[in-house]
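These notes are about the structure you will find just below.
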2 protein chains.
Amino acid sequence: MDYTRDNMAGLLRSHDINPTHQRIEIAHALFSRQEHLSADQVMAIVNTRHSETSKATVYNTLKLFLEKGLVREVIVDPSKVFFDPNTSPHHHLYEVDSGKLSDIDAEHVEISGLPPLPAGMVTEGIDLIVRVRRTS
Amino acid sequence: MDYTRDNMAGLLRSHDINPTHQRIEIAHALFSRQEHLSADQVMAIVNTRHSETSKATVYNTLKLFLEKGLVREVIVDPSKVFFDPNTSPHHHLYEVDSGKLSDIDAEHVEISGLPPLPAGMVTEGIDLIVRVRRTS
DNA sequence: CAGCAATCTGGACTTTGTCTAATATTCGGA
DNA sequence: TCCGAATATTAGACAAAGTCCAGATTGCTG
């Protein structure tokens with residue numbers, strides 16, 4: 001699988017998203033890098049040559065991708081949200097100093113002993129974040 | 001143990017924090033409630049009668065408490081940070097709709113199979129957040 | 001009481017994100 | 001292809017959380 005803009009259009013359609021020019025660019029930014037990006041970073045990437053996509057559209061689009069399950073939101077930094085093109089179950093490793101965020105495959109990780117949920121509640125997701133720091 | 005202002009002064013001293021009037025009030029707000037509070041909420045509580053403590057002081061103080069290990073930071077909501085007076089190991093249950101945050105005792109929870117850390121890294125903490133939603 | 005360090009303060013500022021009303025684009029049907 | 005309706009995009013004003021700074025206060029200590 002490679003992340004051409006054409007393939008992005010297909011990906012968007014398959015998620016019931018109208019593939020406009022801006023949405024394709026934003027999807028391309030996220031998926032071709034396979035990295036966690038903040039809204040700011042997405043905007044910077046998409047507008048490298050000459051400003052093409054507005055701030056409002058970047059935020060709208062990321063929110064749309066989120067609703068449609070195309071990306072996942074990662075909340076680790078109090079000052080900004082990251083968007084993760086990897087939606088398969090996995091956890092995160094966060095380097096506190098540098099702000100670097102990487103994936104931990106969920107395959108071998110097991111979480112046991114969680115108490116039952118309060119009645120009338122469903123789990124929307126379990127976020128496991130390992131915060132690390134460089135030994136100094 | 002009860003959370004009189006006098007006891008707060010002792011708590012602060014034992015954590016190497018100079019117990020000023022404002023710091024005692026802020027500690028009292030957090031510890032007498034034993035709840036997760038945002039900076040905003042702390043400010044509202046402390047300034048109920050007549051404004052007594054400035055925004056800058058609330059933020060400075062919470063940051064200081066954090067450094068001295070008196071409280072813990074909980075990052076679950078992209079728009080604000082919560083401060084948790086419970087520093088014993090535990091996890092969190094977050095109700096997405098209402099924003100309600102509660103503790104999950106860590107005693108019976110076990111997390112296994114985490115990969116080894118990258119060289120030169122130490123764990124600063126492991127945050128486990130169960131995001132739940134009301135069935136509708 | 002004077003001097004000094006630590007603390008507190010208002011308010012300006014920054015950053016992330018939201019909102020709105022006008023404009024532009026896209027899509028499906030004839 | 002052309003048209004109208006629905007959908008997207010935009011600039012820029014706005015909001016909220018948090019930071020920063022320089023001056024004022026506090027409270028020691030000699």
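Heavy atoms only: backbone and side chains are in, while hydrogens, waters and symmetry mates are out. Order of the sequence lines sets the chain letters (A, B, ...), proteins ahead of strands, with each chain counted from 1.
Here chain B contacts DNA chain D (any atom closer than 4.0 Å to a heavy atom, that is under 4.0 Å), and the contacts span D:dA17 to D:dC20 from 5' to 3'.
Pairs passing the side-chain hydrogen bond (donor to acceptor under 3.5 Å, both in side chains) check and including a residue from residues 69-81 of chain A, sequence neighbours excluded, read A:D77-A:S79, A:D77-A:Y94. Pairs passing the salt bridge (Lys or Arg N to Asp or Glu O under 4.0 Å) check and including a residue from residues 105-128 of chain B, sequence neighbours excluded, read A:R131-B:D127, A:R133-B:E124. Within the structure, the side-chain hydrogen bond (donor to acceptor under 3.5 Å, both in side chains) test picks out the following pairs touching residues 37-48 of chain B (sequence neighbours left out): B:S38-B:Q41. Evaluation of the ring pair (Phe, Tyr, Trp, His ring centres under 6.0 Å) test over residues 20-47 of chain B, restricted to residues two or more places apart or in two chains, returns B:H36-B:H92. Sorted by first then second residue, the salt bridge (Lys or Arg N to Asp or Glu O under 4.0 Å) pairs that include residues 24-35 of chain B, not counting sequence neighbours, are B:R5-B:E25. Among residue pairs with one or both ends in residues 56-71 of chain A, those qualifying as salt bridge (Lys or Arg N to Asp or Glu O under 4.0 Å) are A:D16-A:K68; sequence neighbours excluded.
Between B:T123 and B:L117, some side-chain heavy-atom pair lies under the 4.5 Å cut-off. By the 4.5 Å heavy-atom criterion applied to side chains, B:Q34 and B:Y3 are counted as neighbours. A:V132 has its side chain out of reach of B:V122: every pair of non-hydrogen atoms, C-beta onward, lies at least 4.5 Å apart.
The distance between atom OH of B:Y59 and atom C1' of C:dT15, rounded to the nearest whole Å, is 13 Å. Rounded to whole Å, atom C1' of C:dG17 lies 16 Å from atom CD of A:Q41.
Here the rule is side chain to side chain contact (heavy atoms under 4.5 Å, CB included) with A:I17, and of A:T61, A:L64, A:L11, A:I24 only A:L64 fits it.
Between the B:S98 side chain and the B:K100 main chain, a donor and an acceptor come within less than 3.5 Å of each other. Between the side chain of B:D84 and the main chain of B:N86, a donor-acceptor pair closer than 3.5 Å is present. Side-chain N or O atoms of B:H90 include one that pairs as donor or acceptor with a backbone N or O of B:S88 at under 3.5 Å. A distance-only check finds a donor-acceptor pair linking the side chain of A:N60 to the backbone of A:A56 [under 3.5 Å].
Looking at residues 67-79 of chain B, you'll see that no heavy atom sits under 4.0 Å from any atom of DNA chain C. Using a 4.0 Å cutoff on non-hydrogen atoms, no part of residues 26-38 of chain A comes near DNA chain D.
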How does each nucleotide of nucleotides 4-12 of chain C score, in 5' to 3' order, for protein heavy atoms under 4.0 Å: base (B), sugar-phosphate only (S), or none (-)? ---SSBB-B

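Legend: residues meeting side chain to side chain contact (heavy atoms under 4.5 Å, CB included) with B:N18, ordered by chain and number and at least two apart, are B:R23.
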Given Watson-Crick and G-U pairs under 3.5 Å, DNA chain C in dot-bracket ([ ] crossing, | other strand) is ||||||||||||||||||||||||||||||

